[in-house]
Amino acid sequence: MNRPLLLLLLFACSWASRANMAEPTMRGTSHSCLILTDACSVTHEKIFAEIIKDNKDSFNDYIIRFRAKYHISSAKEQSIPLLFMASNYLNDQQVFVNGQAIPTSPIDQEQDYPFLRQKEITDTLQYTNVPTEYHTYTKYYVSYDGEEELEVIPSQLIYFTAPLKAGENVIEVSYSAFPTTFRYGFLPPYIFEYSLYPSKFWKTFPEIEVEIHFPKELEFKQSSMEEDEYTVNNQLFQGKIKDIRTSGDCYWRFTPKPSWIGRLLLTIDPFGIGVLFFLVAAGLHLYTIRRKSKWGLWLGAFLVPLLFYVGFLGAYPFIDWVLGKRSLHGYIFLIVFTYPIFLMFYGIFTFLYYKHEKNKI
């Protein structure tokens, strides 16, 4: 391999391998439905979410403004402790009970709560006959009935005491958070997650209404909900989770909306673009071979396989430019190490084709 060719391959490697050591995901928020005792029952729940552009944080493109509204029936006037799980939120939470603002309290890990069970875990190493303790930590579980338990992280619990009146009550919980997203790929999705597991503590299991507003530059991609449970129109997702006992955890995915040419390039993808480069170059190469050009045979045998890699690796920054967004794709540059194998097989094929054409009468 001559020096210019080696330099070209090294340049392609450095071009395509930028920032490959980053973490694959940027973990965002995870929400859950209300955790409550059997002293009251949920008659209706509605989830509101609005995805908006974040112009302040350079590491996150969007913020989710989340609000959950519960209609709760209580047989008597009472004050009960309630919990709401939310990870990675922005500490701007607000809680209203029947229109009255209620303060929230962080979970004090030194304090005993009737709904919170602690379990100390000790890791050991078996070097000798006597195990050696080397790490001790505490796990926390929420349980209201002594049977169903849910492992939790205290810092992810929004805790408040709700003064309920006899009859129908309305509880609203709201806060802002970042969605989960992936670092890799041309159009990594933004994911909004919602855990239904705490509903196991509920006495009743109503349908849950879902309403998600998203900006015009995003499009709805996928949901854990069944297709007959939702509709998507005019940047608005609306649906109903009909059976929360069997639905498990829910998620909704949104991705940036590409232009028509961006969508076309994504459909072809970089590998397809590399194949197109190869097919065009191979067609020209075979044309020169049919003219019995020995110079064209050997030059094409080296250049045609190389053009596949040029098209493949060059497609990534080109698609990024069309989409207007820089992306990461892992160790794609490692494909260049298949060049000698590709070169060998293509060289053998074209040499045999050249001999065949040369021997024609």
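Below, each value reflects all heavy atoms present in this structure, side chains not excepted, and no hydrogens, waters or symmetry copies.
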Query raised in the report: For the atom pair CD1 (Ile319) and CD1 (Ile261), what is the distance rounded to the nearest 0.5 Å?
Result: 10.5 Å

Requested in this report: Inspect the surroundings of CD in Glu168 and state if more than 12 heavy atoms from other residues, nucleotides or ligands are less than 6.0 Å away.
Outcome: yes

Query raised in the report: How many angstroms lie between CG in Leu307 and CG in Leu276, if you round to the nearest 0.5 Å?
Result: 12.5 Å

**Report entry** ILVMFWY network linking Trp321 to Leu264, side-chain heavy atoms under 4.5 angstrom
**Finding:** yes

**Report entry** Qualifying residue, where the test is side chain to side chain contact (heavy atoms under 4.5 Å, CB included) with Glu209 and the options are Gln238, Glu45, Lys240
**Finding:** Lys240

Query raised in the report: Closest approach of Tyr309 and Thr338, non-hydrogen atoms and distance?
Result: OH-OG1, 2.7 Å

Query raised in the report: Do Ile208 and Val170 share a hydrophobic cluster (ILVMFWY, side-chain heavy atoms under 4.5 Å, transitive)?
Result: no

Query raised in the report: Where is the tightest heavy-atom contact between Ile64 and Ala49, given as atom of each residue plus distance?
Result: CG2-CB, 4.2 Å

Report task. Would you check if the distance from the ring center of Phe96 to the ring center of Phe160 is below 6.0 Å? Result -> no

Requested in this report: Would you please indicate yes or no on a ring centroid separation below 6.0 angstrom for Tyr190 and Tyr62?
Outcome: yes

Query raised in the report: Is there a donor-acceptor contact under 3.5 Å linking the side chains of Ser174 and Gln93?
Result: no

Report summary line: Interatomic distance, CG@Asp269 vs CD1@Ile273, rounded to 0.5 Å, equals 7.5 Å

Report task. Decide if the gap between the ring center of Phe214 and the ring center of Phe237 is smaller than 6.0 angstrom. Result -> no

Report summary line: Nearest heavy-atom approach of Thr161 to Ser79 is CG2-CB, 4.0 Å

**Report entry** Point-to-point distance, once rounded to the nearest 0.5 Å, from NZ of Lys76 to CG of Leu164
**Finding:** 11.0 Å

Query raised in the report: Where do Glu193 and Arg253 land on the salt bridge (Lys or Arg N to Asp or Glu O under 4.0 Å) test, with the steps shown first?
Result: CA-CA 9 Å; Glu193 299 172 303; Arg253 293 185 180 183; over 6 Å; no

Report summary line: Of all heavy-atom pairs linking Ser224 and Cys250, the shortest is OG-CA, 3.1 Å

Query - Atom of Asp61, atom of Lys53 and distance for their closest heavy-atom approach - result: O-CD, 3.6 Å

Query raised in the report: Could you walk me through whether Phe66 and Tyr175 pass the ring pair (Phe, Tyr, Trp, His ring centres under 6.0 Å) check?
Result: CA-CA 6 Å; Phe66 174 81; Tyr175 56 85; 5.3 Å; yes

Query raised in the report: Can Tyr339 be reached from Tyr316 by stepping across I, L, V, M, F, W or Y side chains whose heavy atoms are under 4.5 Å apart?
Result: yes

Report task. To the nearest 0.5 angstrom, please state how far the CD1 atom of Ile212 sits from the CG atom of Leu218. Result -> 12.0 Å

Query raised in the report: Does the ring centre of Phe342 sit less than 6.0 Å away from the ring centre of Phe278?
Result: yes

Query raised in the report: Just checking, any donor-acceptor pair under 3.5 angstrom between side chains of Thr180 and Tyr251?
Result: no

**Report entry** Atom of Lys257, atom of Lys216 and distance for their closest heavy-atom approach
**Finding:** NZ-O, 3.3 Å

Query raised in the report: Angle class for the Phe220/Phe254 ring planes (parallel below 30°, perpendicular above 60°, tilted otherwise)?
Result: perpendicular

Requested in this report: Classify the angle between the aromatic ring planes of Tyr346 and His285 as parallel (below 30°), tilted (30 to 60°) or perpendicular (above 60°).
Outcome: tilted

Query raised in the report: Between atom CD of Glu211 and atom CZ of Phe48, what is the distance when rounded to the nearest 0.5 Å?
Result: 5.5 Å

Requested in this report: Please check if Leu236 and Trp252 belong to a single hydrophobic cluster, counting links between Ile, Leu, Val, Met, Phe, Trp and Tyr side chain heavy atoms closer than 4.5 Å.
Outcome: no

Query raised in the report: In terms of side-chain geometry, is the basic nitrogen of Lys46 or Glu207 positioned less than 4.0 Å from the acidic oxygen of its partner?
Result: no

Query raised in the report: Should the pair Phe271 and Phe312 be assigned to parallel (<30°), tilted (30 to 60°) or perpendicular (>60°) ring geometry?
Result: perpendicular

